[in-house]
Amino acid sequence: DVNERDQVVYASSGVAYIYDHGTISPSGGVYNNNVAVVINDLGHIAGNNSLRGYIWRDGTTTFLGSIGGDTLGGAWGINNSDWVVGSFHNDSISHYRGYVWENGTAKEIGSFASNGGSRCNDVNNAGQVVGTADTVSGSTHVAFVWANDQMTNLGTISDYVRSTAMAINELIGRASC
């Protein structure tokens, strides 16, 4: 991933690195089974370490914790307010569910189906989240945008039965499917 300051985050041999204008340095803290996924404009990184989601900022690694005893993993997006989004395995329904982590507190975002799965892929600076979620029928999943605790189905295109929103920009929630 690349941020607005042209810093690049990547992983090699289980170590997360930041490439910053010709200088390569480890992101610090977590060195085993580490996957750095995204970097925000402050140089803060969200990623996964041995299936546990984390945020690395100002030289400190913080693991994201859990929801209902289920460990948060799969950190896939971060905004400039350090909101982290991703997915975790909800053991009570045997599905992955999307989450939003903010200031040490995580919230499960749910699905269109009561026992269905979801995954959050990205979050913008307005706090709008995009991803994919199971439909009520449970036979397919569709792209969504989540804002103000409300999930909106973005539908599918043409004859495709599935869709996923992968990224969202800052221009009033235009999602990229």
Rounded to the nearest 0.5 Å, what separates atom CZ in Phe112 from atom OG in Ser118? 9.5 Å
From the options Ile24, Val2, Val15, select the one residue that forms a side chain to side chain contact (heavy atoms under 4.5 Å, CB included) with Tyr10. Ile24
Checking side-chain polar atoms at under 3.5 Å, does Asp41 have a donor or acceptor matched by the opposite partner on Asn3? no
What heavy-atom pair brings Gly155 and Ser163 nearest, and what distance separates the two atoms? O-OG, 2.5 Å
For Ser87 versus Trp76, what's the shortest heavy-atom pair and its separation? OG-NE1, 3.7 Å
Taking Asp70 first and then Arg97, would you say they form a salt bridge - that is, a charged N and a carboxylate O separated by under 4.0 Å? no
What closest approach, in Å, do Gly117 and Ser111 show between heavy atoms, and which atom pair accounts for it? O-OG, 3.0 Å
Examine Ile67 and Val84 and state if one hydrophobic cluster contains both, with Ile, Leu, Val, Met, Phe, Trp and Tyr joined whenever side-chain heavy atoms are less than 4.5 Å apart. yes
Could you state whether Val130 and Tyr96 fall into the same hydrophobic cluster, counting links through intermediate Ile, Leu, Val, Met, Phe, Trp or Tyr residues with side-chain heavy atoms under 4.5 angstrom apart? no
Would you say the side-chain atoms of Asp82 and Asn40 include a donor-acceptor pair closer than 3.5 Å? yes
Closest non-hydrogen contact found for Ala143 with Ala165 is CB-N, 3.5 Å
Which residue in the set Val38, Val37, Thr61, Ile18 passes side chain to side chain contact (heavy atoms under 4.5 Å, CB included) when paired with Ile45? Ile18
Could you check whether Asn90 and Ser92, counting side-chain N and O atoms only, form a donor-acceptor pair closer than 3.5 Å? yes
Gap separating the NZ atom of Lys107 from the CH2 atom of Trp101, nearest 0.5 angstrom: 14.5 Å
Hydrophobic cluster membership, with links at side-chain heavy-atom distances under 4.5 Å among I/L/V/M/F/W/Y: are Val100 and Met151 in one? yes
Would you compute the distance between atom CD of Gln128 and atom CH2 of Trp83 and round it to the nearest 0.5 angstrom? 10.0 Å
Hey, any chance Ile109 and Val123 share a hydrophobic cluster, counting ILVMFWY side chains that come within less than 4.5 Å of each other, even indirectly? yes
Over all heavy atoms of both residues, which pair between His44 and Ile78 is shortest? Give the atoms and the distance, please. O-CD1, 4.0 Å
Rounded to the nearest 0.5 angstrom, the CG-OG distance for Leu64 and Ser66 is 10.5 Å
Looking only at heavy atoms, the pair that brings Gln7 and Asp20 closest together is NE2-OD2, 3.1 Å
Test Ser25 against Tyr17 for side chain to side chain contact (heavy atoms under 4.5 Å, CB included), laying out the working first. CA-CA 5 Å; Ser25 57; Tyr17 292 94; over 6 Å; no
Mind telling me whether Phe63 and Tyr54 have parallel, tilted or perpendicular rings, with 30° and 60° as the class edges? perpendicular
